[in-house]
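The chains referred to below are lettered A, B, ... by the order of the sequence lines, with proteins before strands, and numbering in each begins at 1. Worth knowing before you read on, the calculation uses all heavy atoms, side chains too, and leaves out hydrogens, waters and symmetry mates.
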Amino acid sequence: MTNRVFGHVSHYRPGDLFSSRAELSVARVHAPLRSGVSGTQAEGVDSLVLADQYEDDLFTEELIWYTGHGGRDAKTGKQVTDQLLTCRNAAFLTSRESGQPVRVLQKVTDEVRGQVYRYEGLYTVLDSRYEQGKSGFMVWKFLLKPRKS
DNA sequence: TCCATGCGCGGCC
DNA sequence: GGCCGCGCAGTGG
């Protein structure tokens, strides 16, 4: 069993701002303090964070290509090896099968508050690819689109 | 520059 | 299922 929550948490809604990962964790909107993905291979992804860390990411109003996990140098953040189908990446495949909603957070700069995390809303994982990224190494990419509420 | 901290997962019972 | 220990990680003080 689990207490993982898919969909909106508590009273939090799209547009809400959080000042830190710790705040997101306490609110249970995105529990892990550092990991960008919250979820398991068995249950799927319940939330993720876009932090402008992966060069192969793409974020528009209509869709997100979220780069999978791993293969990066811890210091430089550059891809240095091929990504593997780790449990965390496999969690996206589970979500794609289940169609469960994924909470999406994005690190943005607010005029008043500086660096904050904005709740973008609920998305659905629609596709996955394993292809060569900008670095030349193989990366996982997951296509997400906003859910129609 | 260092490292805490929450969590996923495997091992074991 | 529950407990424990390990190692990771889209931070952040």
Counting only side-chain heavy atoms from C-beta out, which of [options] sits nearest to [X]?
X: A:His69; options: C:dA9, B:dG8, C:dT11; result: C:dA9
X: A:Ala31; options: B:dC9, B:dA4, B:dC7; result: B:dC7
X: A:Ser38; options: C:dG12, C:dA9, B:dG8; result: B:dG8

Heavy-atom closest pair, residues A:Val139 and A:Thr67
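Where A:Val139 meets A:Thr67 most closely, the heavy atoms are CB-CG2, 4.2 Å.
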In whole angstrom, what separates [X]'s [atom1] from [N]'s [atom2]?
X: A:Gln41; N: B:dG8; atom1: CD; atom2: P; result: 13 Å
X: A:Leu33; N: C:dG10; atom1: CG; atom2: P; result: 12 Å
X: A:Arg88; N: C:dA9; atom1: CZ; atom2: P; result: 6 Å
X: A:Leu48; N: B:dC7; atom1: CG; atom2: C1'; result: 16 Å
X: A:Glu23; N: C:dG13; atom1: CD; atom2: C1'; result: 15 Å
X: A:Leu84; N: C:dA9; atom1: CG; atom2: C1'; result: 16 Å
X: A:Gln83; N: C:dG10; atom1: CD; atom2: P; result: 11 Å
X: A:Arg34; N: C:dG7; atom1: CZ; atom2: P; result: 16 Å

N/O (side chain, [X]) to phosphate O (OP1/OP2, [N]) under 4.0 Å:
X: A:Arg21; N: C:dT11; result: yes
X: A:Ser25; N: B:dG6; result: no
X: A:Arg4; N: B:dG8; result: yes

Short of 4.0 Å, heavy atom to strand atom, which residues of residues 99-122 of chain A count as contacting DNA chain C?
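Only A:Lys107, A:Tyr117 qualify.
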Fill in: Close approaches to DNA chain C from residues 52-67 of chain A, in residue order (heavy atom, under 4.0 Å)
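Going residue by residue through residues 52-67 of chain A, the ones with a heavy atom under 4.0 Å of DNA chain C turn out to be A:Asp52, A:Gln53, A:Tyr54, A:Asp57, A:Tyr66, A:Thr67.
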Please determine whether residues A:Val49 and A:Val116 belong to a single hydrophobic cluster, defined as Ile, Leu, Val, Met, Phe, Trp and Tyr linked transitively by side-chain heavy-atom distances below 4.5 Å.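 No.
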Practice task
Group every Ile, Leu, Val, Met, Phe, Trp and Tyr by side-chain heavy-atom contacts under 4.5 Å, then state whether A:Leu48 and A:Leu126 land in the same group.
Solution key: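 Different hydrophobic clusters.
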- Item | Aromatic ring pairing A:Phe142/A:Phe92, orientation class (parallel under 30°, perpendicular over 60°, tilted between) |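 It falls in the parallel class, under 30°.
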*Once you apply the 3.5 Å cut-off to both distances, tell me the Watson-Crick or G-U wobble partner of C:dG10, or none.*
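C:dG10 is paired with nothing.
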Is there a donor-acceptor pair closer than 3.5 Å between any side-chain N or O of [X] and the backbone N or O of [Y]?
X: A:Arg103; Y: A:Val29; result: yes
X: A:Asp73; Y: A:Lys78; result: no
X: A:Asp57; Y: A:Asp52; result: no

Heavy-atom count around A:Asp110 CG within 6.0 Å, excluding the residue itself: above 12?
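Buried by this count: over 12 neighbours within 6.0 Å.
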Using a 4.0 Å heavy-atom cut-off, does A:Gly39 contact any base of the nucleic acid, only the sugar-phosphate backbone, or nothing at all?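 The residue A:Gly39 makes sugar-phosphate contact but no base contact.
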Review point. Hey, what do you get for OH (A:Tyr117) to CD (A:Gln106), rounding to the nearest 0.5 Å?
Key: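 The CD atom of A:Gln106 is 11.0 Å from OH of A:Tyr117, to the nearest 0.5 Å.
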task: Look at A:Arg4 together with A:Glu43 and state whether they make a salt bridge at an N to O cut-off of under 4.0 Å.
output: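 The answer is yes: the pair qualifies as a salt bridge.
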